[in-house]
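See below for the structure under consideration.
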Amino acid sequence: MKKILYLVAHRPDRSPGQRFRFEQYLDYLAANGFEYEISYLLNEQDDRDFYSPGKYFRKFLILLKSVRKRFGDINKAKQADIVFIYREAVMFGSTYFERRLNKNGAKIILDYDDAIWLMDVSEGNKNLKWLKRPSKTGDICGYSRLVITGNNYLADYARQFAKQVAVIPTTLVTDIFKRIDTPKIGDAVCIGWTGSSTTLKHLESALPFLKELKSRFRDKISFRVIADKPFLPDDPDFEFCKWSKETEVADLCAIDIGIMPLPDDEWARGKCGFKGLQYMALGIPAVMSPVGVNTEIISDGVNGFLASSVDEWVEKLSQLIESPGLRLQFGTQGRKTIEERYSFNSQKATYLELFRDVAAG
């Protein structure tokens with residue numbers, strides 16, 4: 001058996017990035033000759049404290065604990081055939097641990113699915129951004145035997161520093177992400193959005209066209225937001241559904257149209273289209289901004305819509321609101337796209353081969 005040591009920030013099942021970038025492949029790797037250990041930094045209490053405003057002494061203790069844990073991981077890595085790092089070994093600007101691992105001969109696989117070489121800090125840690133050094137991503141790429149990214153935009157950055165780069169899109173297990181019947185409340189067509197509190201700012205850009213649609217269709221449409229906190233707590237038009245791993249498929253299946261608005265900036269161009277992929281896997285027609293990989297996922301007018309301006313969003317969403325047949329057509333084609341290109345089954349053989357190559361040296 002070959003052994004993989006995973007160095008990650010979050011406990012299993014907590015982070016969408018970790019879940020869909022590598023956790024869903026663990027059983028498959030285990031069935032094909034790999035055993036693994038996951039070394040994560042933040043337990044449940046640490047998680048709450050680390051992403052809350054203030055609590056600076058508590059955060060200092062968490063960072064100290066993280067450093068101590070990674071020193072232990074350097075010793076563990078000596079018995080591992082692969083050291084897999086998701087994004088970074090520690091949450092501040094140092095590359096000491098990646099550099100040490102590389103010097104000790106560890107075969108590092110780095111995986112990332114955002115433009116992490118750009119500054120992006122959680123709301124609760126704005127005052128601590130001086131501790132970050134996003135440009136360290138290039139250094140970590142250089143220490144890695146293989147860099148896996150979620151799209152070509154991210155891969156182009158890695159290729160400046162790394163010897164070997166592979167693109168594996170973020171994938172879904174289609175046996176889990178499949179359409180289920182959910183009770184329909186009324187006849188209103190539900191327009192939905194899902195994401196974390198860190199991406200709620202992108203939903204703000206949807207307000208102009210959502211308000212225009214509400215004015216036009218009134219009670220014929222409704223809005224649902226699935227997240228870890230409400231979008232507009234005082235606005236009765238937005239139904240808030242608290243995200244839960246146990247109910248996420250059922251909660252998503254209650255919407256009729258899924259949206260993914262994005263600004264056209266460097267950070268957004270690195271996104272992997274995951275919201276859209278979730279909608280499409282469940283047969284929900286998706287309307288997305290034509291930013292980054294979204295233009296590869298969506299063939300406009302075939303398996304979904306791309307929309308830029310407010311007028312485009314209003315026009316294309318109106319078509320879907322008024323046509324159940326078009327919603328069904330896009331939903332069917334979207335599911336087919338996921339099965340062929342963005343499913344666990346479509347990528348698992350390539351994924352396994354990459355790990356075998358790195359382990360073999």
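Keep in mind that the numbers below use all heavy atoms, side chains included, and drop hydrogens, waters and symmetry copies. All residue numbers refer to positions in the sequence shown, counting from 1. On a predicted model such as this, the values are computed, not experimentally measured, just so you know.
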Check the pair S144, I109 against side-chain contact (heavy atoms from CB on, under 4.5 Å), reporting the backbone distance first and the verdict last. CA-CA 6 Å; S144 302; I109 295 178; over 6 Å; no

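- Taking the six-membered ring for Trp and thresholds of 30 and 60 degrees, Y153 and W117 have ring planes inclined between 30 and 60 degrees apart.
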Using residues 350-361 as the side-chain source, report each donor-acceptor pair under 3.5 Å to any protein atom, sequence neighbours left out, with the distance given to one decimal.
none

| Test log, rule side-chain contact (heavy atoms from CB on, under 4.5 Å), inputs I62 and L41 | CA-CA 8 Å; I62 290 170; L41 299 178; over 6 Å; no

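- Donor-acceptor pairing under 3.5 Å is recorded for the side chains of S39 and R70.
- Cluster annotation: L326 is connected to F209 through the hydrophobic network of ILVMFWY side chains, with a link wherever side-chain heavy atoms come within less than 4.5 Å.
- A salt bridge links D13 to K245: one of the charged nitrogens lies within less than 4.0 Å of a carboxylate oxygen.
- Side-chain contact check for S346 and E340: no donor-acceptor pair (N or O, by modelled atom type) lies under 3.5 Å.
- A salt bridge links K132 with E88: the distance from a Lys NZ or Arg NE/NH1/NH2 to an Asp or Glu carboxylate oxygen falls below 4.0 Å.
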Set out, in order, the CA-CA distance, both residues' side-chain angles and the distance that settles side-chain contact (heavy atoms from CB on, under 4.5 Å) for F177 and I338, then state yes or no.
CA-CA 10 Å; F177 271 79; I338 299 302; over 6 Å; no

* Go through the steps to decide whether Y6 and Y86 satisfy the test ring-ring contact (aromatic ring centres under 6.0 Å, His included), and finish with yes or no. => CA-CA 8 Å; Y6 287 87; Y86 179 65; over 10 Å; no

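- Ring centroid separation for the pair F305 and F330 comes in under the 6.0 Å cut-off.
- Atom CD of E312 sits about 10.0 Å away from atom OG of S289, to the nearest 0.5 Å.
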Which atom pairs, donor and acceptor, lie under 3.5 Å between side-chain atoms of residues 98-106 and protein residues at least two apart or in another chain?
| from | atom 1 | to | atom 2 | distance (Å) |
| --- | --- | --- | --- | --- |
| E98 | OE2 | A89 | N | 2.8 |
| R99 | NH1 | T95 | OG1 | 3.2 |
| R100 | NH1 | Y96 | OH | 2.6 |

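- A centroid separation of less than 6.0 Å is found between the aromatic rings of F161 and Y157.
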Could you go through the salt bridge (Lys or Arg N to Asp or Glu O under 4.0 Å) check for R58 and D46 one step at a time? CA-CA 8 Å; R58 177 77 182 120; D46 293 338; 2.5 Å; yes

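- The number of heavy atoms from other shown groups lying within 6.0 Å of CG (D219) does not exceed 12.
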- Evaluation steps, salt bridge (Lys or Arg N to Asp or Glu O under 4.0 Å), between K271 and D113: CA-CA 7 Å; K271 303 298 285 183; D113 56 344; over 6 Å; no

Fill in: Working for side-chain contact (heavy atoms from CB on, under 4.5 Å), residues L154 and N152
CA-CA 5 Å; L154 303 177; N152 282 304; over 6 Å; no

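- Linking Ile, Leu, Val, Met, Phe, Trp and Tyr whenever their side-chain heavy atoms come within less than 4.5 Å puts F274 and I176 in one cluster.
- Separation of atoms NZ (K55) and CG (D49) is listed at 4.0 Å; rounding is to 0.5 Å.
- A cation-pi arrangement is absent between K59 and Y51, since the terminal nitrogen or guanidinium carbon is not both under 6.0 Å from the aromatic centre and inside a 45° cone about the axis.
- Residues W193 and V310 are members of one and the same hydrophobic cluster, defined by side-chain heavy-atom contacts under 4.5 angstrom among Ile, Leu, Val, Met, Phe, Trp and Tyr.
- At least one side-chain heavy atom of V90 sits less than 4.5 Å from a side-chain heavy atom of F97.
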Practice task
Dump the intermediate steps for salt bridge (Lys or Arg N to Asp or Glu O under 4.0 Å) on E35 and K3, then the final yes or no.
Solution key: CA-CA 5 Å; E35 58 182 350; K3 183 172 181 179; 5.8 Å; no

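- Crowding of K336 atom NZ: a count of heavy atoms from other residues, nucleotides or ligands under 6.0 Å not exceeding 12.
- Considering R21, Q347, Q24 in turn, Q24 is the only one that fulfils the side-chain hydrogen bond (donor to acceptor under 3.5 Å, both in side chains) rule with T171.
- The same ILVMFWY cluster, assembled from side-chain heavy atoms under 4.5 Å apart, contains both W243 and F223.
- K2 pairs by the side chain to side chain donor-acceptor pair (under 3.5 Å) definition with nothing, not counting sequence neighbours.
- Evaluated for a side chain to side chain contact (heavy atoms under 4.5 Å, CB included) with L317, the options I259, V189, I221 yield exactly one hit, I259.
- Hydrophobic clustering, with ILVMFWY side chains joined whenever heavy atoms are under 4.5 angstrom apart, keeps F57 apart from L42.
- A donor-acceptor contact shorter than 3.5 Å links the side chain of R269 to the backbone of D264.
- Side chain of S323 to main chain of Q319: no donor-acceptor pair is present (N/O by atom type, distance under 3.5 Å, no hydrogens or angles).
- A salt bridge links D47 with R14: at least one charged nitrogen is closer than 4.0 Å to a carboxylate oxygen.
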